[in-house]
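Source: prediction; values computed, not measured. Residue numbering restarts at 1 for every chain, and letters A, B, ... go by the order of the sequence lines.
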Amino acid sequence: MARRSPRRDAAVKLETVIRGRAGSISIVAETPGAKSFRYQREDGQLIEGEFSMEALDSGAWSVLIGGRTYRVEPGAPGELIVNGAPVAIELFDPRASRGRHGSSANRGRVNIAAPMPGKVVRLLVSAGDAIEEGQGLVVVEAMKMQNEMKSPKTGLVVEVRAKADSTVAAGEVLMVVE
Amino acid sequence: MARRSPRRDAAVKLETVIRGRAGSISIVAETPGAKSFRYQREDGQLIEGEFSMEALDSGAWSVLIGGRTYRVEPGAPGELIVNGAPVAIELFDPRASRGRHGSSANRGRVNIAAPMPGKVVRLLVSAGDAIEEGQGLVVVEAMKMQNEMKSPKTGLVVEVRAKADSTVAAGEVLMVVE
Amino acid sequence: MFVKVLVSNRGEIAVRLIRGLREMGIASVAVYSDADRASLAVALADEAAYLGPSPSSESYLRIDKILDAARRHGAEAIHPGYGFLSENAEFAEACAASGIVFIGPRAEAIRRMGSKTEARRVAIAAGAPVVPGTEQPIEDVEQAKAIARSLGYPVLLKASAGGGGKGMRQVDREEDLASSWRDASSEALRAFRNGEVYIEKLVVEPRHIEIQVLGDHYGNLIHLGERECSIQRRHQKVIEECPSPVMLLHPELREQMGTAALRIARHAGYSNAGTMEFLVDRDRNFYFLEMNTRLQVEHPVTELVTGLDLVEWQLRIAAGERLTLSQEDITWSGSAIECRIYAEDPERQFLPSPGKITHLREPAGPGVRLDSGVYSGFTVPFDYDPLLAKLAVWGPSRDRTIARLDRALAEYSIAGIRTNAAFFREILADTEFREGRLSTAFLDGFFARRAPDESGIEAEAAAAIAAATTMPRQTPAPVDRNNSGWLAAAREGMLR
Amino acid sequence: MFVKVLVSNRGEIAVRLIRGLREMGIASVAVYSDADRASLAVALADEAAYLGPSPSSESYLRIDKILDAARRHGAEAIHPGYGFLSENAEFAEACAASGIVFIGPRAEAIRRMGSKTEARRVAIAAGAPVVPGTEQPIEDVEQAKAIARSLGYPVLLKASAGGGGKGMRQVDREEDLASSWRDASSEALRAFRNGEVYIEKLVVEPRHIEIQVLGDHYGNLIHLGERECSIQRRHQKVIEECPSPVMLLHPELREQMGTAALRIARHAGYSNAGTMEFLVDRDRNFYFLEMNTRLQVEHPVTELVTGLDLVEWQLRIAAGERLTLSQEDITWSGSAIECRIYAEDPERQFLPSPGKITHLREPAGPGVRLDSGVYSGFTVPFDYDPLLAKLAVWGPSRDRTIARLDRALAEYSIAGIRTNAAFFREILADTEFREGRLSTAFLDGFFARRAPDESGIEAEAAAAIAAATTMPRQTPAPVDRNNSGWLAAAREGMLR
């Protein structure tokens, strides 16, 4: 087989946030058979070497690193399950523009979104109401459990989109406060 | 909702061969909620009525007919598994041209195909050999079991495509006889 | 025996009952709401009947619709499972009035033992120990103060019609009594349409241990030993086991509690399967708490150690058969522990996590019993409780069962929604759990000492490799921390 | 106890061993060939070592590569599973020479009991009954004729080094003896590189019943009762159970056979787990047949009824621990039956059916133990035997176990390849099976009386509805009976 340039689309370098800790992963596939990686964390810890990765059923992989075996399976959004333990993971492509930093939760308008799919049980405020930080805004129920959503700031209810007794999806905006 | 014509693409009629018995299935979806079927076998048996069908995981369905529940799951090629029992099934669209009838196995050239993926263990004949019906042609091994493929007719080995010790896929033509 | 039985429930318990019916050669009728048309129970049953819209008030709690379905399908009996109508005396009566057998105790027994105060009176009359306190609902604050003073603080206020922690308040000081009573009473009124509240002495850090009983219509009654259910979160059981670790050291306690439970059951005229809940204090004094007049969620634990099939016996007793087992026939072998797999997020205050299961690998192999109501591709509805499955494991010893359960949990992976499956592995690794030092306060202590997972950089690298390799790199769209390219891809199923 | 153990096997048994090791807190090293990189065993193990190309002669049979992997990974012991190198005395010796513990009997015991003629001599010396016949290989036809005449026809020719039916011939008449001997001998030579053949009296329609024994390095030996394995196809076991139905009626037979098995084991100086195979005739005379000096495929049946973990005991014994169980500690509870799920086509002479599993639903729930080596998406290689999984079920009685097994099989669905899973349901429904009238000729009789499936037009309609609704109708391409549009779509995964 003709030896190709090792770098032609075979190299990946991505920034990572794994278990809340920043780092980076780079992968080089010199040939289809021989792949190596380098994972470095911001705390200075580093691991690198060859690895082998094989697809199991849809979405699950077997990863071998230095003779040790890791079963990597999909988990909840934002999570992979490694040998049965959930690992929170986010990847960022440094070539793309980085997302905005910091939360806008306490500046300007803030969307109050449903944390889970469910039913709006009660609206505790109306549009135009003055509210305080920590004040209950709306109660969403799912799986026999009620969840009271509290205001992240002191201010005003700008808009109430949720309707009592209506069904909402996870992430759906229920109210806007500012 | 505006009522649409009940027949616009909502009616299906297909010929069936189920468990080796010919028949036909027709399905009419008058509205998305109310579907009815009519299944008739060539032995005169007929069943019709409303049904409900719901997808389970990929490729499996729950079919309710008259309050009875059927779990229909994919099986081996040419088979569906209904409540745990395999049902051989083929469908034909009568609007399309019907396939040729009868086997050509005993007329003209016949392909000798591997019945399963495996390894060619031995070639028992060579191109040009005169052969008799029932004579062994080639031995394919899979899962520690050897399968000797026999000639379906008396005649001549036209072509030998298989190589000893090579791996073959199911259905791959190993030889041609005529 | 019955020819056809309707299962008026959903989820894992409906599946378990349908399996049991099939094994007994009895046809099963599942019922379903809009949210459950694609449920495993419907797929596995012989017949299925539609009840109505998803809210349980319009489906699984509708006595009229359920009886109508039973009639239409020709079912001779109804098994109510647990929850929903299982402890509803009116439902039992309505079944009887329709000529349909309710698989459970008689309506009178449900009514009597379903009221906490009434059940307490029965226990006292039967000579069984109860938690010191009143039997009567509180009438006014002064009466309440007098009672609390005589018991000594802390005390517990409890709803007469209650369960699941609703209408319950701990009171540490007399000055809090009045307001706690008001809170408990109004919560009870909302939950049970009955605002009656009574006072009990609070047993500090008790074990929650329950006794399974089984009785026929001819006065034969036996107990099947205990289940320790001390690991609870907000009064919901999370882990159950048999034998209780305390009984491993003090085997005589099983017989003492079993005898007390049988005395209460006999006094109540109880038949079919039922469970007496007790609190056990550090000195192994036990106090009758309440009775569940139905099959428990955690019944597999008892089935694994006794080899008996509780559902089979429920059906046989309901069909009028005699209990042919005597107390001497019951033996307990090895150790069984069950984990309740809930759709909830242990990292976000156990917030419910309904939704579509996009990937599912289930544990199997030696000693593993999985009672699941879900499959890959099923959408877990938000209308019902979050119990997805029960993972129950048997082993020859408690240590081995813990090791096996950990092994099984490591094989369990559920994607698309969040579950507590991995969280159990942390509990199993906890020293206090392993040493059997359990109490209903266990989880509070556990959360206080819980350490962050530090299982090595190599596992992180494996996750990073898998994610980086499968991320669709050709379109490096703008990424932000809350919606990275990889996460978005995962959500849309591109990685699956 | 060991810290790390290598499993020199693949498929379901590798998974079972890896699970057992994890439960004992021992690190596991899987090995794999090219065909098994994505195997469940590799995914579940702690470590994995590559052996070589797919053919077992280049991977799972390579002693040098396996020992090298054990050394590289620092494994102190090797569990060989069954098949492959499990009964290879040279492998056991090579392990010892490398300072690695072979988890099994000593090499001498493997060698002695692995030869059928030698094992037979041991049994005779131990006073255990054997099938009448020679111990010596046939030397010439006249000698063979004399022996056969003295035994009386029919007789059986068997390979000294044999197993799995290879080199075996039934001879009904003297005139067939010479040619059968030639056939058997050359087949044995090809299969085992040893053409020695001996003669036995043919026991007509015998039951195949085996006794599990367990012994430590200090002379302690016990038996764990029987497994009846009469249901065989081409000398391959298909269904195994405990108790044997004949022992349900004649419990004294278990003790008699157990005692005989122990006598043989003691005489052979046997340690670790092993199995004595016997034939049992209609009058319940039993004859020692041969010994398997390893863990049996069907060991879960014994584990389910005794509650013991055979793999755990193999490890403990190999690590030098004492067998702390005495014969009196062993009790048998309920009934267990196992079905071997093979990738083979019952409708086409059980032709092997390797390939990709495109959909998999596995049974679970009360009493079900599934030991599987596959998952949805796994490609079953054609290089190895067709065993996919073992479905073993426990119940309180044989009838209940049969009903439960049928329930579990009905929940099993495997797509993409053909399996015998549904075929078992036909056997379970057979009257002779249900009545326990078993013999090694069972399947011949069963095939003769097997009736075509006639399970109702409604199931056919359900299949037709599902297929017709999901068939891609917009492109009604020319269809022929061998390659219909729907079938083509199914093959390409469009329906999945």
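Of all heavy-atom pairs between D/A468 and B/I27, the closest is CB-CD1, 3.9 Å. The minimum heavy-atom distance between D/A467 and B/L80, with the atom names listed, is CB-CD1, 4.0 Å. Of all heavy-atom pairs spanning D/A463 and B/V82, the tightest one is CB-CG2, 3.8 Å. Across every non-hydrogen atom of B/G84 and D/A422, the tightest pair is O-CB, 3.8 Å. Here the closest heavy-atom approach between residue D/G456 and residue B/R19 is recorded as O-NH1, 3.9 Å. The minimum heavy-atom distance linking B/P117 with D/P354 is given by the pair CG-CG, 3.6 Å.
For a heavy-atom cut-off of 4.5 Å, chain D lies close to no residue in residues 123-130 of chain B.
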Considering only distance and modelled atom types, tabulate donor-acceptor pairs under 3.5 Å from the side chains of residues 344-352 of chain D, sequence neighbours left out.
residue, atom, partner, partner atom, Å
D/D345, OD1, D/E347, N, 2.9
D/D345, OD2, D/R348, NE, 3.3
D/E347, OE2, D/R450, NH2, 2.9

Anything under 3.5 Å between a donor and an acceptor, one on a side chain of residues 154-167 of chain B, the other on a protein residue two or more places apart or in another chain? List them.
residue, atom, partner, partner atom, Å
B/T154, OG1, B/E133, N, 3.0
B/E159, OE2, B/R161, NE, 3.0
B/S166, OG, B/K163, O, 2.6

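Taking B/K119, B/M116, B/E73, B/Q45 one by one and counting their heavy-atom pairs under 4.5 Å with chain D, the maximum is reached by B/E73. With chain D as partner, the option from B/I18, B/L46, B/N147, B/V63 having the largest number of non-hydrogen pairs under 4.5 angstrom is B/I18.
Contact annotation: the side chain of D/T469 never approaches that of B/V12 to less than 4.5 Å [non-hydrogen atoms, C-beta and beyond]. A 4.5 Å side-chain heavy-atom check between D/I465 and B/Y70 finds every atom pair outside the cut-off.
For B/L64, no part lies near chain D; criterion is any non-hydrogen pair under 4.5 Å. Looking at D/S353, only its backbone comes within 4.5 Å of chain B, counting heavy atoms on both sides. For D/A343, the parts sitting under 4.5 Å from any heavy atom of chain B are the backbone and the side chain alike. Contact annotation for B/I81: only side-chain heavy atoms (C-beta onward) come within less than 4.5 Å of a heavy atom of chain D. Of the atoms belonging to D/I414, it is backbone heavy atoms, and not side-chain ones, that fall under 4.5 Å from chain B. Heavy atoms closer than 4.5 Å to chain D are found in the backbone of B/N83, but not in its side chain. The parts of D/R418 that come within reach of chain B are both its backbone and its side chain, each placing non-hydrogen atoms under 4.5 angstrom from that chain. For D/P381, the part lying near chain B is the backbone, with the side chain staying farther off; criterion is any non-hydrogen pair under 4.5 Å.
By the salt bridge (Lys or Arg N to Asp or Glu O under 4.0 Å) test, D/E87 is found to be paired with D/R294, residues two or more places apart in sequence or in another chain being considered.
Ion pair B/D57/D/R361 flagged as a salt bridge, since at least one NZ, NE, NH1 or NH2 atom sits closer than 4.0 Å to an Asp/Glu carboxylate oxygen. Here B/R71 does not pair with D/E411 in a salt bridge; the nearest charged N to carboxylate O distance is not below 4.0 Å.
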Could you walk me through whether D/D385 and B/K144 satisfy the side chain to side chain contact (heavy atoms under 4.5 Å, CB included) test, starting with their C-alpha distance in whole Å, then the side-chain angles of each, then the deciding distance to 0.1 Å, before giving a yes or no? CA-CA 6 Å; D/D385 81 30; B/K144 297 163 90 179; 3.6 Å; yes

Side chain to side chain contact (heavy atoms under 4.5 Å, CB included) evaluation trace for B/Y39 with D/E460: CA-CA 9 Å; B/Y39 171 60; D/E460 295 181 8; 2.8 Å; yes

